[in-house]
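Report on the following structure.
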Number of protein chains: 2
Amino acid sequence: MARSHAGIAVAPGKRPRGSLSREEILEAGLLIAKRDELTRLTMKKLAGELGVTPMAIYRHFENKAEVIDGVLDLFVRDAAVADHEVGKEPDAWRRWTLVTFGKMFDALTQTPGVMPFLSTTSRFGPAAMSALNAVLEVLRRAGMSEKQAVDTFAVLCAYTIGAAGLATAWSRADGAGDPDEERRRMRLSIEATPRSDFPNVVDAAADLAGVLQRFPFQMGLERLLRRELPD
Amino acid sequence: MARSHAGIAVAPGKRPRGSLSREEILEAGLLIAKRDELTRLTMKKLAGELGVTPMAIYRHFENKAEVIDGVLDLFVRDAAVADHEVGKEPDAWRRWTLVTFGKMFDALTQTPGVMPFLSTTSRFGPAAMSALNAVLEVLRRAGMSEKQAVDTFAVLCAYTIGAAGLATAWSRADGAGDPDEERRRMRLSIEATPRSDFPNVVDAAADLAGVLQRFPFQMGLERLLRRELPD
DNA sequence: ACCTGAACACCGTTCAAGT
DNA sequence: ACCTGAACACCGTTCAAGT
């Protein structure tokens, strides 16, 4: 359980002085988020991961909220959503934007525990700032005004976060793991409700189950980017 | 603090037997969510609101998660998002959908504490089912296939939830209450970051602050519904 | 300066007991 | 059957003490 900053196993309480850094605490936090769930991140669990007493963390962070904010920004940096080139074709900005928010969606669905905190964190960390800056750059170069670019960013961001939230919430509904089993159970559970109450829901059971298994993320994203610019 | 089911004040512990019902517990929960924040709903606080011991609630609900699920469904019913008529004009379905998800956005932004739970709750409650049924009905009558209707619902839902999340998260950033003060502070805080690092962000400071104050919800919603159907 | 250990107030929840 | 009161394990956090 205990890991030193150099990766050598250490007995608990035997940590060299001054070896605990903000960076390392946040990395341990992200590790817990990826392996377990950010929702289940505890000061004691985080301290255990670092081979340290919980109170040691308070020397580097004001409180847990500050730790979470830091982990979230590290998560954004780690996802590297804007870390790819803009192509040469006339429509390149659209493709780039699709890929960027696609990466964001993938990162969010693969690290489910972060969702509940996205509506809680208020400050933009440096990594979030950097990603925002890159997106604005591309949209402006595509010919958008400042306001158009900002609005488009906000709308795409909202859609991506909401889609990731629904995708993770629905996929975790039942059927521990296996996607086919998940879909089958969801379909049965919908078809079990009385058709006289919600006829349209029951009729669409198969399609609803399909959406629960694989959220139509790409479809909505393309709709949001369709016909945006004259060229 | 203590309120009877008939609205008459009662001394704590003096509640008539069998007067505590699931419905009343959920209503007290929604009251706390509206007045305070659902995130801060505690079994003890909820019990206090009802003039009862925390353990009394466990006679009616398995655990806190079940209470939250119930409050969320009551919240959906209370918002009555689908509770309005479809017009007669050829494009009526589009207007109806805009209003429906607009109501959802308003309800979510006016009851901020619910956001973190939307990615946690897995089951559709009866009120959610009913709203889903109504939306599918309108979209199908407009000529969509079952799959088209379901996908459209999923995409609109994701966007609305994400937008409400961002709107509440960002508006709570600073400036306790006053929207103008909020925008001013946000703008200053953005302009304070070094322009050499994030030039596009700094240049768009005024527009970003505007988005934080009022999220361009309508814009994205209209984009998602544009050119959906041939007619 | 940096970390530990004991303690506090609060949380969800169990359990045995009251009526 | 329905509710109470005491207790348990866990949480974030404070504080005084160690080196």
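Chain A is the first sequence line, chain B the second, and so forth, proteins listed ahead of strands; every chain is numbered from 1.
Paired runs in DNA chain D that reach 3 or more consecutive Watson-Crick or G-U pairs, where each pair keeps both distances under 3.5 Å, cover C:4-8 with D:12-16, C:12-16 with D:4-8.
No donor-acceptor distance shorter than 3.5 angstrom exists from the side chain of A:D207 to the backbone of B:V150, with no hydrogens or angles considered. Between the A:T42 side chain and the A:K45 main chain, no donor and acceptor come within less than 3.5 Å of each other. At distances below 3.5 Å, not a single donor-acceptor pair connects side-chain atoms of A:S130 with backbone N or O atoms of A:P126.
Using cut-offs of 30° and 60° on the angle between ring planes, the pair A:W170 and A:F215 is tilted.
If you take CD1 of A:I57 and P of D:dC11, they are 12 Å apart, rounded to a whole angstrom. D:dA1 atom P lies 17 Å from atom CG of B:L20, rounded to whole Å. Distance, A:L50 CG to C:dC3 C1': 13 Å, rounded to whole Å.
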Which nucleotides of nucleotides 12-17 of chain C have their base under 4.0 Å from a protein heavy atom (B), which only their sugar-phosphate (S), and which neither (-), written as one string 5' to 3'? BBB---
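Using a 4.0 Å cut-off between a side-chain N of Lys or Arg and a carboxylate O of Asp or Glu, B:K44 and B:E49 do not qualify as a salt bridge.
A:E27 is linked by a side chain to side chain donor-acceptor pair (under 3.5 Å) to nothing, counting only residues two or more places apart in sequence or in another chain.
Taking both residues in full, the closest heavy atoms of B:H84 and B:K103 are given as CD2-NZ, 4.4 Å, listed atom of the first, atom of the second, then distance.
A 4.5 Å side-chain heavy-atom check between A:L38 and A:L72 finds at least one atom pair inside the cut-off.
Look at B:H60 and you'll find a side-chain N or O under 4.0 angstrom from OP1 or OP2 of D:dC3.
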